[in-house]
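Everything on this sheet refers to the single structure shown next.
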Amino acid sequence: METAISAVASELVSQFVSLLMNKYYSLSHAQSEEKVMQRLHHLLMRAGTILEEADTRYITNSGMMMHLKTLSEAMYQGHRVLDCVRYHALQHSAGFDKVSINDSSSSSLHLAIPFKRSRTTSGKDDKEMRLESHGALKSLEIAIANMAEFIVLLGGCQRISRRPYDVYLYTDNFMFGRHTEKQKLLSFLLEHNNPPGDHALSVLPIIGGAGVGKKTLVAHVCGDQRVRSRFSSILHLNGHNLLTIFDHGRTMFGTMLVVIEFASDVGEDEWKRFHSFLIRMSTGSKIIIISKLKRLTRFGSVQPIFLNVLSYDELRYLFKTLAFGSVDPTEHPRLVQLADEFCNMLHNVPAGTLIATNMLTDVLRMNLSVQFWHCILEKGLRYFKRNYSTCGGRLSMLTDQAHLVDITDYALQPLSMIACTPNVSIKKELPSLTFGELIRDPSVIPKQDFILIAWESRIPPHNSFPHLVTSHAQGTHEGGALTGRKRRGAPI
């Protein structure tokens with residue numbers, strides 16, 4: 001009997017000691033993670049301060065530009081990891097599971113479309129989260145430690161005059177990111193040295209996919225006061241009608257900046273005629289080429305600027321900031337997790353991500369409720385699934401201006417849209433509707449064909465993205481609103 005009591009007592013003491021050790025380990029671990037989060041938060045504030053100050057300076061040193069790019073990448077990664085750690089900790093303390101879509105049919109949507117693996121906290125254990133947070137902290141510490149010389153040199157760089165929308169209250173009133181690209185373009189426009197070769201003009205190609213912000217970048221930099229004073233005038237031309245520059249001969253004087261947007265390639269002879277005319281009329285002028293076509297880089301006199309789609313971490317930072325506006329995201333942790341799901345969905349579309357991001361965040365910002373965000377996410381996933389098969393498995397075709405896109409899941413009735421281009425002629429004046437109005441109340445959709453304004457930019461060049469919307473039935477009738485259109489997608 002005494003032996004049994006001794007054994008039981010020994011087991012109880014052993015369990016009690018084990019419980020105390022686990023509690024001590026958990027407490028020390030929690031304190032350690034809290035210190036990591038505090039350190040990460042502090043470094044993110046320092047990184048943001050450096051980047052904001054760098055945006056107010058004119059940087060010509062290529063090494064400084066590389067440091068700037070490294071710091072921005074580490075900062076966006078740090079913001080993602082900090083949010084994930086905070087949400088992971090909240091899951092444990094509050095005892096709730098990750099946000100999940102209630103509609104059982106929606107759970108198969110990610111499987112139907114080969115989306116990349118989500119970078120949310122779901123599926124990650126404590127060890128993975130700990131390694132990721134420590135990794136992000138280390139990357140940010142290294143990036144900032146290497147910025148000491150950068151900060152000293154930055155103090156000697158000339159300040160750039162700030163425009164009203166650069167001092168912002170709302171993030172959608174200024175151009176996001178592209179720190180290095182802005183500096184490269186500004187350096188090209190302000191430098192006075194002529195390129196090698198006799199009678200040559202400085203030509204900078206800016207190459208990138210649809211909707212990545214090529215025209216916005218040019219408009220942003222050309223709005224700088226020193227750029228405007230450097231050139232007597234700025235002329236915008238379309239590449240398909242390049243020789244219309246002859247019509248501007250009488251008004252061309254001084255040093256000019258010519259911005260040309262090419263939708264297709266241009267012949268060598270036509271380019272030579274244009275180039276020779278510009279040299280004769282305006283010595284020392286500069287040319288910016290904007291296009292999706294990499295082969296146009298052959299006309300460049302300097303290294304081209306390639307604009308790629310935003311990285312996942314950049315997109316997530318932008319999406320979260322736009323969707324929450326002036327509201328503190330930490331007050332809505334479940335919405336932060338849903339924002340990750342939106343970003344995972346959007347990042348799988350190779351082009352047009354910025355437009356879609358602005359479209360969706362405009363709508364989400366109106367209603368910060370989990371149910372509403374769930375509803376919009378479900379519609380978005382069904383929209384991609386519906387169009388995936390008609391795109392031949394290529395989601396990039398959703399941003400093709402000649403491709404018809406089915407918006408039934410957003411409109412709650414069978415409708416399709418196509419981007420308004422010169423190939424899409426409209427017979428009569430049509431009513432217009434914004435994407436936000438359509439989402440808020442689909443009953444306001446006109447009975448006839450109409451123009452859907454996907455999004456309107458709030459900063460120069462104030463681009464608008466209109467689409468012609470027609471019902472599935474009307475689109476097949478002759479004499480409808482769509483005439484003279486070259487189509488490469490599925491029939492209406």
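The first residue of the sequence shown is numbered 1, and numbering continues consecutively from there.
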Discussion item. Quick one: does any side-chain atom of R365 pair with a main-chain N or O of L322 as donor and acceptor, under 3.5 Å?
Written reply: yes

Worksheet, complete the sentence: Sorted by chain and residue number, the salt bridge (charged side-chain N to carboxylate O under 4.0 Å, His left out) partners of R39 (sequence neighbours excluded) come out as E141

Item to complete: For the pair D409 and K385, find out whether any cationic side-chain nitrogen is under 4.0 Å from an anionic carboxylate oxygen.
Response: no

Donor-acceptor pairs under 3.5 Å, side chain of residues 68-78 to any protein atom, not counting sequence neighbours: which ones?
from	atom 1	to	atom 2	distance (Å)
T70	OG1	M66	O	3.1
S72	OG	L68	O	3.4
S72	OG	K69	O	2.8

Worksheet item: Where the side chain of K292 meets the backbone of G208, is there a donor-acceptor pair that is under 3.5 Å apart?
Response: no

Item to complete: Give a yes or no on whether the backbone of G209 and the side-chain of K214 come within a donor-acceptor separation of less than 3.5 Å.
Response: yes

Discussion item. For the CD atom on E149, are there more than 12 heavy atoms of other groups (residues, nucleotides or ligands in this structure) within a distance under 6.0 Å?
Written reply: no

Worksheet item: Taking all atoms of both residues into account, what is the closest heavy-atom pair of I451 and P466, and its distance?
Response: CG2-CB, 3.8 Å

Worksheet item: Centre of F188's six-membered ring, under 6.0 Å away, within 45 degrees of the axis: is that where NZ or CZ of K286 sits?
Response: yes

Practice prompt. Look at the rings of F324 and W373 and say which category their plane angle falls in: under 30° parallel, 30 to 60° tilted, over 60° perpendicular.
Written response: tilted

Worksheet entry | CZ/R57: more than 12 non-hydrogen atoms of other groups inside 6.0 Å | yes

Discussion item. Treating E53 as the side-chain partner and G48 as the backbone partner, does any N or O pair qualify as donor plus acceptor under 3.5 Å?
Written reply: no

Worksheet item: Rounded to the nearest 0.5 Å, how far does CD1 of I287 lie from OG of S301?
Response: 8.5 Å

Worksheet item: Looking just at side-chain N and O atoms, do H79 and D313 make a donor-acceptor pair shorter than 3.5 Å?
Response: no

Discussion item. If we ignore hydrogens and angles and just use 3.5 Å, is the side chain of N344 paired with the main-chain N or O of D340 as donor and acceptor?
Written reply: no

Worksheet entry | Cation-pi, Y58 ring and R226 (6.0 angstrom, 45 degrees) | yes

Fill in: Any donor-acceptor pair under 3.5 Å from T361 side chain to A323 backbone
no

Worksheet item: Is the side chain of D328 donor-acceptor paired with the backbone N or O of E331 at a distance under 3.5 Å, no angle test?
Response: no

Practice prompt. Quick one: closest heavy-atom pair of G380 and Y410, and the distance?
Written response: CA-OH, 3.3 Å

Item to complete: Assess the pair F277 and W271: is the distance between their ring centroids shorter than 6.0 Å?
Response: no

